[in-house]
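The structure appears right after this line, and notes come after that.
Both ligands and their constituent atoms are indexed starting at 1 by order of listing. Counting from 1, the numbers follow the sequence of the chain as shown. Values in this document were obtained by computation on a predicted structure and should not be read as measured data.
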Amino acid sequence: MSVIKKLETDIKGILKKAGYEVDKVLLEPSNRRDLGEYQINNAMQLTKIYHENPRDIAAKIVTELEKDNRFTNINIAGPGFINISFSDQYIYDFLNEIHEDVHNNIDKKEPKKIIVDYGGANVAKALHVGHLRTGNIGEALKRLALLLGYDALGDAHLGDYGRPLGLVLREIKERYPELKYFDENYTGDYSEVELPITNKDLEEIYPVASNKAKEDEQYLEEARIITAKIQSHEKGYYDLWKRVVDISKEDIKKTYESLNVSFEIWNGESDEMEYFDELLKIYEDKNLLVDSEGARVVEVATPEDKAPMPPLLFIRSNGAASYETTDLAAILERKINYNPDEIWYVVDARQALHFEQTFRAARKAKLVEDRVVLEHVGNGTMNGKDGKPFKTRDGGVMSLKALMDLVYDETYKKITNESIKEEEKKEIARIVAMAAVKYADLLPYRGTDYIFELEKFTDLEGKTGPYLLYSTIRMRSLLKKAEEFKATKITKLKGAAEKEIALTLLTLPLVLNRAVEAKTLNEIAEFLYKLTACYNSFYAENKIIIEEDADLRNSWIVLTETVYNINMLLLGILGIEVPEKM
Ligand code: ARG
């Protein structure tokens with residue numbers, strides 16, 4: 001349990017001694033520091049229950065608080081706000097507790113199983129900037145959920161189903177008609193067939209095939225037939241499709257890795273669609289499918305809808321399943337294999353209608369119990385200066401690799417430390433680039449768009465990833481130099497800067513809780529900056545290692561280690577690595 005939660009429990013006891021029972025202590029950091037460090041806001045609410053004047057209630061509470069030596073400067077403001085400050089000893093005590101174990105500053109949640117769906121990359125297409133935020137936010141939310149005691153699993157949910165793959169195979173057939181995969185009489189083992197295609201080829205093939213299909217009706221029809229063959233697991237086509245998926249998956253994995261994004265479940269839409277027959281039966285048995293111009297749809301509109309809510313397309317008039325259906329199949333598959341309490345879909349906010357339709361259709365068929373949370377955690381986009389999704393110089397879609405290269409070139413240039421050797425420099429530049437991109441990506445509220453600013457994101461000063469890395473590494477090297485002192489406890493502090501660090505640390509459980517409730521990382525990113533900036537002003541004011549008062553020096557070392565541990569923990573939640581040096 002966090003220090004602040006324990007304090008809340010204690011205050012509850014104090015209120016009881018004063019004669020008042022409350023469910024929840026309304027304890028908040030004060031925004032009037034001149035009046036107190038924290039405030040207790042229960043008196044106004046207690047008035048309604050106990051029919052006493054709130055200031056009288058506050059006065060009785062104050063009498064009890066004054067008996068407790070943890071609090072100082074106790075006073076009443078306005079209609080009955082109780083301001084309190086913490087005694088020095090109490091601050092040392094809780095800092096020591098957080099130092100002993102960072103988890104003493106975290107409140108765990110009731111256990112729950114959560115699937116976080118945040119990949120969505122499409123096979124045989126290069127990952128592009130659109131996948132950046134989804135990956136970063138999803139990964140960080142999953143890590144946050146785990147930290148808070150949830151059982152969370154990430155699912156890549158690759159787009160490996162439907163027409164695009166049919167088109168890719170159609171184009172491969174054009175280029176290599178003699179491949180055994182297209183030979184109906186071939187009876188050998190496909191794994192022995194050589195496939196002269198790399199991931200780079202695939203990235204080139206898809207746009208070519210897609211353009212051809214726009215002009216050539218025959219070509220498109222053949223791609224459709226191939227798609228159907230893949231979906232019915234027809235020998236040859238299905239095997240080639242699997243090979244293509246594997247080649248592409250490998251590359252997708254690598255690109256995600258370069259962003260510290262990874263998944264426990266590597267399902268694709270095609271894996272989910274293995275549950276299609278079962279899904280269809282559920283919708284048929286419940287009479288939820290309506291014929292509509294040759295297609296079969298699920299009505300999802302309700303009389304309360306203010307905006308148009310079109311029916312969910314379950315099967316198209318050409319017999320193919322829709323994107324919505326793949327997500328319904330995924331819900332069924334997850335229910336069967338994982339039985340989650342919640343599913344979070346970290347996907348571009350522009351897909352809101354898709355998810356609304358899908359969730360409504362899932363609820364109608366009771367694919368999951370009503371208590372199961374299905375939530376679209378929509379994310380905004382990273383834009384260029386023109387306000388549109390960030391593009392390459394010639395206006396094309398910017399691949400994630402190209403984006404990371406661009407940032408890498410900049411962070412590489414900024415490493416001026418002469419003592420760092422070339423190889424190491426490259427590795428450091430890579431880690432710093434990742435931190436620059438990830439921190440900038442997680443700093444705004446997830447739902448808002450932001451503009452890509454290379455200079456700003458890679459700057460060593462300001463609210464940036466590199467600033468946090470630089471500061472954290474500096475704490476680490478101080479701790480290394482301080483090892484000989486074997487400092488273990490905080491027994492003495494002296495300034496306002498240290499107090500500010502302590503009070504900032506106390507707010508962490510609140511920040512984490514709000515972050516997981518709102519499923520956004522911005523407050524954690526802000527907290528990291530605030531804590532680091534507070535620490536840095538303390539660092540600028542004091543010469544820690546050469547301080548002559550040993551109690552003070554050791555306390556400062558332990559304080560440094562406390563901040564360092566929290567920084568490492570939170571950078572880890574955001575998926576940001578810290579290099580050895582920079
Ligand atoms: N592959 C999809 C696309 O490119 C995104 C998938 C998002 N996840 C989901 N469960 N629908 O639009």
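- Less than 4.0 angstrom separates some heavy atom of Tyr345 from each of these atoms of ligand 1: 10 (N).
- Shortest contact from atom 4 (O) of ligand 1 to any protein heavy atom: Asn122 ND2, 2.9 Å.
- With a 4.0 Å cut-off on non-hydrogen atoms, Tyr161 does not touch ligand 1 at all.
- Within the 4.0 Å heavy-atom cutoff, Tyr118 does not count among the residues contacting ligand 1.
- Remark: ligand 1 atoms within the under-4.0 Å shell around heavy atoms of Asp327 are 9 (C), 10 (N), 11 (N).
- Each of the following atoms of ligand 1 lies closer than 4.0 Å to a heavy atom of Phe355: 9 (C), 11 (N).
- The aromatic rings of Tyr238 and His233 sit parallel, their planes meeting at an angle under 30°, below the 60° perpendicular limit.
- Classification of Asp117 and Arg334 as a salt-bridged pair holds, one side-chain N sitting under 4.0 Å from a carboxylate O.
- For Lys519, the NZ atom counts as densely surrounded, since its 6.0 Å shell holds more than 12 non-hydrogen atoms of other residues, nucleotides or ligands.
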Please step through salt bridge (charged side-chain N to carboxylate O under 4.0 Å, His left out) for the pair Glu577 and Lys438, ending with a clear verdict.
-> CA-CA 10 Å; Glu577 284 171 49; Lys438 292 194 71 132; over 6 Å; no

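- The atoms of ligand 1 that sit less than 4.0 Å from any heavy atom of Val347 are 7 (C), 8 (N).
- Ring planes of His354 and Tyr323: parallel class, angle under 30° (limits at 30 and 60°).
- Looking at Thr358 and Tyr345, their side chains never come closer than 4.5 Å, going by heavy atoms from C-beta outward.
- Other residues, nucleotides and ligands place more than 12 heavy atoms under 6.0 Å from the NZ atom of Lys108.
- The His157 neighbourhood of ligand 1 comprises atoms 8 (N), 9 (C), 10 (N), with distances under 4.0 Å to a heavy atom of that residue.
- Remark: Lys212 does not engage Glu222 in a salt bridge, criterion side-chain N to carboxylate O under 4.0 Å.
- Taking every non-hydrogen atom of Tyr323 and a distance limit under 4.0 Å, the qualifying atoms of ligand 1 come out as 2 (C), 5 (C), 6 (C), 7 (C), 9 (C), 11 (N).
- Close approach to Gly120 involves these atoms of ligand 1, each under 4.0 Å from a residue heavy atom: 1 (N), 2 (C), 4 (O), 5 (C), 6 (C).
- Taking atom 8 (N) of ligand 1 as the reference point, the nearest protein heavy-atom neighbour is Asp117 OD1, 3.5 Å.
- Atom 12 (O) of ligand 1 has Gln351 NE2, 3.0 Å as its closest protein atom, hydrogens excluded (heavy atom only).
- Under the 3.5 Å distance criterion, the side-chain polar atoms of Asp160 are left unmatched by any main-chain donor or acceptor of Val123.
- Contacts between Asp348 and ligand 1 below 4.0 angstrom, taking non-hydrogen atoms only, are absent altogether.
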